[in-house]
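Scroll down for the structure; my scribbles are underneath it.
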Amino acid sequence: MPELPEVQAVVDSLNELINQEIMAIEIRADVVMPSKTEFTNCIVGKNIKSITRRGKYIIIQLDDAYLVVHLRMTGKLYLSADNVTKKHTHVVIKTTNNFLIFEDTRRFGRLEILTDLTKIEKKLGFEPFDKKLDNDSMHQIINKNKNIKALLLDQSLIAGIGNIYADEILFKAKINPETTGKSLTLIDVSKILQSTREILDQAIKNKGTTIINFSYAGDQKGAFVKNLKVYKRAKLECFECSDVIATKKIAGRTTHFCPTCQTI
DNA sequence: CCATGAACCTGGTCGC
DNA sequence: TGCGACCAGGTTCATG
């Protein structure tokens with residue numbers, strides 16, 4: 001489900017947890033984490049120092065550890081005034097003033113306790129808005145004999161882009177998803193980087209995209225749906241030309257693109 | 001090095 | 001109404 005903008009919306013919605021204490025934890029499905037006991041011992045009685053995002057990870061900093069959450073496809077993390085018992089409510093964390101609820105229909109999501117973030121950092125590349133990511137460094141990291149769609153989805157290069165935004169970015173940049181990274185010129189690369197930032201910035205401002213069931217803060221939907229130009233627009237007319245939006249499986253994911261606009 | 005498919009799960013939709 | 005096939009905002013591992 002959630003890509004960078006959606007995860008950011010979730011992180012922002014949890015802001016009031018900062019400076020609260022974790023009073024208790026109720027784990028109903030331990031499949032979503034390695035060890036129930038260790039988990040409980042590590043977080044109960046701890047204070048919440050900050051809540052941030054790195055790639056698609058939600059990072060809740062405690063006194064002496066990090067509670068790290070990845071929502072994968074259908075995970076939800078939200079605050080509630082009351083305890084919640086729904087079919088897929090797997091974890092309930094009672095804090096000073098709230099209940100922090102984790103639920104996940106497909107159970108792909110994960111919660112883990114880390115003493116430092118090296119494990120996460122090792123997996124992830126640049127944040128899309130990192131100033132160190134410029135046209136030259138982008139050109140370097142995607143200089144591979146691999147299609148650009150797969151490269152954009154590769155979290156170890158740039159962290160946070162998923163299937164929706166990869167397609168939207170490539171449409172905006174007018175680059176064909178199957179073009180290999182190494183065949184792209186510096187001009188092409190600069191278009192992709194600029195499109196990445198514009199698309200993600202707009203999506204963040206719109207609190208993400210709700211296609212199937214993404215929500216933050218319990219029931220709020222992402223409004224970027226109205227901005228989608230290719231994703232979920234198969235067989236519909238391209239907004240820029242008279243052609244029809246095509247789909248093809250690329251990098252293992254359904255990819256949406258305009259065969260006429262995206263020729264490079 | 002690169003592409004592809006399967007696995008992890010549940011639920012919604014579509015065609016018959 | 002039911003049933004099977006196929007699809008889904010992600011990641012990781014195994015196989016050619």
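Order of the sequence lines fixes the chain letters, A, B, ..., with proteins taken first and strands second; residue numbering starts at 1 for each chain. Side-chain atoms are counted along with the backbone in the values below, which use heavy atoms only and exclude waters and symmetry mates. Predicted model only: the values in this text are computed from it and were never measured.
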In this structure, how many angstroms lie between the [atom2] atom of [N] and the [atom1] atom of [X], rounded?
| X | N | atom1 | atom2 | answer |
| --- | --- | --- | --- | --- |
| A:Asp104 | C:dA8 | CG | P | 18 Å |
| A:His90 | B:dC8 | NE2 | C1' | 13 Å |
| A:Lys232 | C:dA8 | NZ | C1' | 6 Å |
| A:His256 | C:dA8 | NE2 | C1' | 10 Å |
| A:Leu153 | C:dT11 | CG | C1' | 11 Å |
| A:Leu152 | C:dT11 | CG | P | 13 Å |
| A:Glu103 | B:dC9 | CD | P | 19 Å |
| A:Arg72 | C:dA8 | CZ | P | 18 Å |

Not counting sequence neighbours, which residues clear salt bridge (Lys or Arg N to Asp or Glu O under 4.0 Å) with [X]? List them please.
| X | answer |
| --- | --- |
| A:Lys46 | A:Asp64 |
| A:Lys56 | none |
| A:Glu237 | none |
| A:Lys205 | A:Asp201 |

Examine the side chains of A:Thr118 and A:Asp116 and answer whether a donor and an acceptor come within less than 3.5 Å of each other. yes

Do the side-chain N and O atoms of A:Gln8 and A:Asp12 include a donor-acceptor pair separated by under 3.5 angstrom?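 Side-chain D/A pair, A:Gln8 to A:Asp12: present.
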
Indicate, with yes or no, if the rings of A:Tyr165 and A:Phe224 have centres closer together than 6.0 Å. yes

Can the positive tip of A:Lys207 be found less than 6.0 Å from the middle of the six-membered ring of A:Tyr216, inside 45° of the ring normal? yes

A:Phe108 stacking on B:dC8: centroids under 5.5 Å, ring planes under 30°? yes

Could you write out each protein N or O paired with an N or O of nucleotides 2-6 of chain B at a distance under 3.5 Å?
unit_1	atom_1	unit_2	atom_2	d
B:dC2	OP1	A:Asn145	N	2.6
B:dC2	O3'	A:Asn145	O	3.3

Every protein N/O within reach of nucleotides 11-13 of chain B N/O, cut-off under 3.5 Å:
unit_1	atom_1	unit_2	atom_2	d
B:dG11	OP1	A:Lys87	NZ	2.9
B:dG11	OP1	A:His88	NE2	2.9

So, [X] and [Y], do they make that salt bridge, N to O below 4.0 Å?
| X | Y | answer |
| --- | --- | --- |
| A:Lys123 | A:Glu121 | no |
| A:Asp63 | A:Lys49 | yes |
| A:Glu198 | A:Lys172 | yes |

Is there a donor and acceptor pair closer than 3.5 Å between the side chain of A:Arg107 and the base of B:dC9?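 Per atom types, no contact qualifies.
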
Okay, side chain of A:Thr210, backbone of A:Asn213: is any donor-acceptor separation there less than 3.5 Å? no

Between [M] and [N], how far apart are the [atom1] atoms? Round to whole Å, please.
| N | M | atom1 | answer |
| --- | --- | --- | --- |
| B:dC9 | C:dC13 | P | 15 Å |
| B:dC1 | C:dG10 | C1' | 23 Å |
| C:dC3 | B:dC8 | P | 25 Å |

Which pairs, with at least one residue in residues 87-102 of chain A and sequence neighbours excluded, count as a salt bridge (charged side-chain N to carboxylate O under 4.0 Å, His left out)? none

[X] vs [N]: side-chain N/O to OP1/OP2 distance below 4.0 Å:
| X | N | answer |
| --- | --- | --- |
| A:Gln155 | C:dG10 | no |
| A:Lys123 | C:dT12 | yes |
| A:Thr254 | C:dA8 | yes |

By side chain to side chain contact (heavy atoms under 4.5 Å, CB included), A:Glu112 pairs with (sequence neighbours left out) A:Val68, A:Leu114, A:Lys119, A:Ile120

Note: contacts of residues 52-59 of chain A with DNA chain C (heavy atom, under 4.0 Å) are A:Lys56

Side-chain cluster (under 4.5 Å, hydrophobic types only) that A:Val84 belongs to, other residues: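 When side chains under 4.5 Å apart are linked, the cluster holding A:Val84 also contains A:Tyr78, A:Val92, A:Phe99, A:Ile101.
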
What are the atom names and distances for every N/O pair under 3.5 Å that joins the protein to nucleotides 14-16 of chain C?
none

Can you confirm whether A:Ile58 sits close enough to A:Ile51 that some side-chain heavy atom of one is under 4.5 Å from a side-chain heavy atom of the other? yes

In dot-bracket notation, what is the pairing pattern of DNA chain C, taking Watson-Crick (N1-N3 plus N6-O4 or O6-N4) and G-U wobble (N1-O2 and O6-N3) contacts under 3.5 Å, with [ ] crossing and | for other strands? .|||||||.|||||||

For A:Lys149, the option from A:Thr179, A:Asn163, A:Asp154, A:Asn176 that meets side chain to side chain donor-acceptor pair (under 3.5 Å): A:Asn163

What does A:Tyr231 touch in the nucleic acid at a heavy-atom separation under 4.0 angstrom: a base, only the sugar-phosphate, or nothing? sugar-phosphate

